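The block underneath contains the structure these notes are about, expressed in structure tokens.
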Amino acid sequence: MRAVSGVWRWRHNPLRRATDRVEAWVALLALLLMLLAAPVIGWTCGSLTDDALQRSVRAQRAERHVTTAVVVRRVDRPGQFAGDSEVASERAAQTSVVARWRTPDGAVRTGRVSTASRVTGPGAEVRIWTDDRGRPTLRPMDASTAHTHAALAGSGVFLLSAGLVEAARRLIMWRLRLRRYARLDRAWAKAGPDWGRTGTGS
């Protein structure tokens, strides 16, 4: 903010250097980008992500169906099935069982599934999700979960954009300081040999 205020302060200051004005304008531009451009980029990314996730939610709900399965027996290790990597956190509180259920076309199918039900003894009824072919799959994503993921994505892009702007500002400032120091070195090299000799007559 001090550099931004320099845009006004350095206008008529006779001691101003070209780099002072450049630094002030760069800081002002970076501030405007952080306050205006970065939020727009973050909102756009979040909106596009939300649209894509909502389409995925609708597709999953159209392809997946909830059905009732009868437990045959429990198994010691968690079951692995198609789509298991989509929501890995769901497996932590689930129990793996061998169950029997009917597919959408009426056929009987038996296989290993995971369920969050606490009653998993033989003969117990549990709810599972299956695809159009009757194969077990994960519960479709909720619309609220999709909104949350989209909001996180938008926030991340906003922070990343602001960070890139600040990194670019610092890089420009660093380059300006190097140029300033180089000019000072050249001026000192030119005036240094005569330093302190004024009026000595030598």
Side-chain angles (χ1 to χ4, degrees), residues 30-169:
L31 179 62
L32 293 177
L33 289 175
M34 289 183 184
L35 295 180
L36 300 178
V40 171
I41 294 174
W43 181 87
T44 302
C45 177
S47 179
L48 294 175
T49 302
D50 186 63
D51 290 342
L53 288 177
Q54 293 303 326
R55 289 194 297 269
S56 179
V57 168
R58 291 190 293 268
Q60 289 181 9
R61 290 194 174 278
E63 297 169 354
R64 303 179 186 185
H65 315 279
V66 64
T67 186
T68 300
V70 178
V71 176
V72 176
R73 61 182 175 84
R74 295 182 59 175
V75 295
D76 295 333
R77 301 182 62 183
Q80 304 290 329
F81 47 82
D84 195 19
S85 60
E86 291 184 28
V87 189
S89 60
E90 289 188 1
R91 298 181 306 201
Q94 293 187 344
T95 303
S96 185
V97 299
V98 174
R100 182 172 58 254
W101 67 94
R102 287 190 178 276
T103 62
D105 59 4
V108 177
R109 185 165 186 165
T110 302
R112 179 181 296 183
V113 297
S114 292
T115 176
S117 176
R118 296 183 178 180
V119 182
T120 56
E125 293 185 348
V126 296
R127 294 180 58 186
I128 64 172
W129 287 89
T130 63
D131 59 16
D132 291 335
R133 297 185 178 182
R135 296 174 298 189
T137 186
L138 290 178
R139 177 177 58 85
M141 182 186 298
D142 295 328
S144 59
T145 302
H147 288 313
T148 301
H149 290 331
L152 292 175
S155 300
V157 171
F158 162 70
L159 294 176
L160 179 61
S161 300
L164 290 176
V165 171
E166 176 62 14
R169 185 192 71 84

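All values derive from a computational prediction rather than experimental measurement. Numbers here are sequence positions counted from 1.
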With a 4.5 Å cut-off on side-chain heavy atoms, are D105 and R133 touching?
no
Between the OG1 atom in T49 and the NE2 atom in H149, the distance rounded to the nearest 0.5 Å is 11.5 Å
Looking only at heavy atoms, what is the nearest atom pair of G42 and V157, with distance?
CA-CG1, 4.2 Å
Approximate separation, where rounding is to 0.5 Å, of T68 OG1 and R127 CZ
7.0 Å
With a 4.5 Å heavy-atom cut-off, do V126 and V71 have their side chains touching?
yes
Do any N or O atoms from the side chain of D142 and from the backbone of S144 form a donor-acceptor pair under 3.5 angstrom?
no
Rounded to the nearest 0.5 Å, how far apart are CD of Q60 and CG of L138?
9.0 Å
Can you check whether V97 reaches V72 side chain to side chain, under 4.5 Å on heavy atoms?
no
Separation between CZ of R135 and CD1 of I128, rounded to the nearest 0.5 Å
13.0 Å
Write down the atom of A150, the atom of L53, and the distance for their closest heavy-atom approach.
N-CD1, 4.0 Å
Side chain proximity check, M141 to R61, heavy atoms < 4.5 angstrom:
no
Shortest non-hydrogen pair, A38 vs A162, comes out as CB-N, 4.1 Å
Main-chain N/O of W43 paired with S47 side-chain donor or acceptor, under 3.5 Å
no
From R102 atom CZ to T130 atom OG1, the distance as rounded to the nearest 0.5 Å
13.5 Å
Least distance between heavy atoms, A30 atom then R169 atom:
CB-CD, 3.8 Å
Between V98 and V75 the two heavy atoms that sit nearest each other are CG2-CG1, 3.6 Å
Hey, is the main chain of G134 close enough, under 3.5 Å, to the side chain of W101 for a donor-acceptor pair?
yes
Applying side-chain hydrogen bond (donor to acceptor under 3.5 Å, both in side chains), can you list everything that pairs with R100, at least two apart in sequence or on another chain?
none
What's the shortest heavy-atom distance between V119 and A124, and which atoms?
O-CB, 3.6 Å
Sub-4.5 Å side-chain heavy-atom contact between V66 and R139:
no
Atom CG of L48 and atom OG1 of T44: how far apart are they, to the nearest 0.5 Å?
6.5 Å
For a 4.5 angstrom cut-off between non-hydrogen side-chain atoms, does T95 reach R74?
yes
Do the side chain of E63 and the main chain of D132 share a donor and acceptor less than 3.5 angstrom apart?
no
